[in-house]
Amino acid sequence: MAISKENTRPESMARINSKNLAETFISEQVAALKKQIGDGKVLLALSGGVDSSVTAALLIKAIGKNLTCIHVNHGLLRKNEPEQVIKVFKEELGADLIYVDATDRFLDKLKDVSDPETKRKIIGKEFIDVFDEEARKLASDGSYKFLAQGTIYPDILESDGVKAHHNVGGLPEGVTFELVEPVKLLYKDEVRMVGSALGLPDYMVYRQPFPGPGLGVRCTGSITRDRLNALREADYIVREEIGKLKPTPWQYFVTVPDIKSTGIKDGKRIMGWPAVIRCVDTVDAVTATVPEIPYAVLKLITERITKEVSGINRVLYDLSPKPIATIEWE
Ligand code: XMP
């Protein structure tokens, strides 16, 4: 599909590679948003990822409480993620934020489902349904005219310009939204530069890539609450310890596959899952290499995970490059 003129980055547009240029972009965008939105009201699905976070921060600067953010927790987020979104946006930036903990709903739908594609589809559809339901409650009186999306330029180049994950499905008849996409002509590094200039914390601005279906792709096979909890705790330890390295790998996380092996605890035979550490270096995620991690760090992580995380009795380091292996285990 041809990309429309308004979705094409003008050749004259300078690359935003300094704080000054980011600040200029912010003041121009704030003025443009005020003009587009006036005193209308805007809805935004805030995932906590850098694109939607920067979009939210720009809109808060432009229209304040006339932005309503909806943060849906699908139960597959990393440890502390929803708390961080609430802290930054609600407490620090004073956003009107609706937090929906839909964990039970997602995990019920995913029960006994082991096929990766089916899991992805369920998570994607359920996400849209939950967002729609919240949007419907707010928008049924027609008070929300606008829907904001954290679309960025690579999304436009790679698709038809709409982030399917954030798109709204069957809203009530008569409710149509005008889209607000303030970062749609920016590349990722520019979005980060703007996020920093807006005062967002580094852990949000320089966040690792994280799949939309979240830990769902790292809890392979059918998801159970106990294995998901073990994965979340092990992932936290790995992010904490590997995060101390300089430089940190491009992406680092844990997968807990649906297999058990024997172990010994308090003199008794036990069965437990393995935690697989995955670290990769890459430029574009199309190919990736595996960095050398100091043995002492791997040993410390192994000690911490096997001691602190219930259900895990083995820790492995995945040495496979991409290709042949993908980054996620799925
Ligand atoms: P693979 O596993 O295909 O992953 O080698 C390549 C990169 O893409 C990330 N990934 C996703 N990112 N939504 C995303 O935004 C997704 O559904 C998704 N699935 C994989 C993965 O973490 C890696 O960085």
Side-chain angles (χ1 to χ4, degrees), residues 45-55 71-79 81 85 106 109-110 113 115-128 131 149-167 183-184 186-189 191-192 195 203-221 223 228 231-232 234-236 238-239 242-243 247-257 275-291 318-330:
L46 179 62
S47 67
V50 58
D51 306 340
S52 67
S53 295
V54 171
T55 301
H71 180 54
V72 177
N73 178 0
H74 51 26
L76 303 164
L77 297 174
R78 288 168 292 187
K79 186 165 165 162
E81 259 181 335
V85 170
F106 277 83
K109 282 260 156 62
L110 288 164
V113 181
D115 174 62
E117 274 312 306
T118 314
K119 282 164 71 180
R120 273 181 182 270
K121 281 201 183 109
I122 291 172
I123 296 166
K125 179 182 178 303
E126 205 59 22
F127 187 91
I128 290 169
F131 184 75
Q149 293 198 136
T151 312
I152 68 170
Y153 204 47
D155 299 328
I156 292 178
L157 298 178
E158 284 159 22
S159 69
D160 62 358
V162 176
K163 273 198 164 177
H165 195 62
H166 292 169
N167 201 11
V183 295
K184 72 177 175 184
L186 302 192
Y187 289 101
K188 197 78 170 190
D189 55 307
V191 177
R192 293 206 164 103
Y203 67 75
M204 208 164 245
V205 171
Y206 294 98
R207 224 172 79 123
Q208 300 184 43
F210 187 59
L215 299 179
V217 302
R218 299 177 185 167
C219 197
T220 64
I223 299 169
L228 180 62
L231 163 61
R232 186 177 282 119
D235 179 71
Y236 185 76
V238 163
R239 286 190 295 122
I242 302 275
T248 53
W250 188 84
Q251 195 174 8
Y252 46 103
F253 57 88
V254 166
T255 288
V256 177
V276 183
I277 306 169
R278 186 75 168 132
C279 300
V280 291
D281 280 328
T282 175
V283 175
D284 52 14
V286 176
T287 61
T289 55
V290 178
D318 184 348
L319 289 170
S320 326
K322 177 180 180 179
I324 178 124
T326 50
I327 295 174
E328 301 289 347
W329 275 46
E330 195 97 40

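All residue numbers refer to positions in the sequence shown, counting from 1. Only this structure's heavy atoms are used, side chains among them; waters, hydrogens and symmetry mates stay out. Quick caveat, the model's predicted, so the values are computed rather than measured. We count ligands from 1, going down the list as the structure has it; atoms in each ligand are counted the same way.
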Peer 1: Can you tell me the protein heavy atom closest to atom 4 (O) of ligand 1 and the distance?
Peer 2: Ile327 CB, 4.0 Å

Peer 1: Do Cys219 and Val256 make a side-chain contact, defined as non-hydrogen atoms from C-beta onward lying under 4.5 Å apart?
Peer 2: no

Peer 1: Does the Arg239 side chain pair with the main chain of Phe253, one donor and one acceptor, at a distance under 3.5 Å?
Peer 2: no

Peer 1: In terms of residue, atom name and distance, what is the protein heavy atom nearest to atom 7 (C) of ligand 1?
Peer 2: Ala285 CB, 3.8 Å

Peer 1: Which of these, Gly124, Ala325, Pro211, has its nearest heavy atom closest to atom 11 (C) of ligand 1?
Peer 2: Pro211

Peer 1: For atom 22 (O) of ligand 1, what is the nearest protein heavy atom, given as residue, atom name and distance?
Peer 2: Glu328 OE2, 2.5 Å

Peer 1: Please state whether Glu330 comes within less than 4.0 angstrom of ligand 1, counting heavy atoms only.
Peer 2: no

Peer 1: Nearest 0.5 angstrom please: Arg232 CZ to Lys79 NZ, how far?
Peer 2: 9.5 Å

Peer 1: Pick one of side chain, backbone, both or neither for how Ala288 approaches ligand 1, counting any non-hydrogen atom pair under 4.0 Å.
Peer 2: neither

Peer 1: Would you confirm whether His74, through its side chain, and Glu126, through its main-chain N or O, come within 3.5 Å as a donor-acceptor pair?
Peer 2: no

Peer 1: Relative to the heavy atoms of Gly212, which atoms of ligand 1 are at a distance of less than 4.0 Å?
Peer 2: 13 (N), 14 (C), 16 (C), 17 (O)

Peer 1: Would a search of protein heavy atoms around atom 17 (O) of ligand 1 find one under 4.0 Å away?
Peer 2: yes

Peer 1: Only heavy atoms of Trp250, strictly under 4.0 Å: list the atoms of ligand 1 that pass.
Peer 2: 24 (O)

Peer 1: A side-chain contact here means heavy atoms from C-beta on lying under 4.5 Å apart; do Ile123 and Leu110 qualify?
Peer 2: yes

Peer 1: Taking the minimum heavy-atom distance to atom 19 (N) of ligand 1, which of Arg218, Arg278, Arg120, Gln251 ranks first?
Peer 2: Arg120

Peer 1: Counting each atom of ligand 1 from 1 as listed, which ones have a heavy atom of Lys322 under 4.0 Å away?
Peer 2: 1 (P), 3 (O), 5 (O), 6 (C)

Peer 1: Checking Thr326 now: which residues fulfil side-chain hydrogen bond (donor to acceptor under 3.5 Å, both in side chains) with it, not counting sequence neighbours?
Peer 2: none

Peer 1: Out of the candidates Lys119, Arg120, Arg278, only one should pair with Glu330 under the salt bridge (Lys or Arg N to Asp or Glu O under 4.0 Å) rule; please name it.
Peer 2: Arg120

Peer 1: Please list, chain by chain and in numerical order, all residues satisfying side-chain contact (heavy atoms from CB on, under 4.5 Å) with Pro291, sequence neighbours excluded.
Peer 2: Pro249, Cys279, Asp281, Ile293, Tyr317

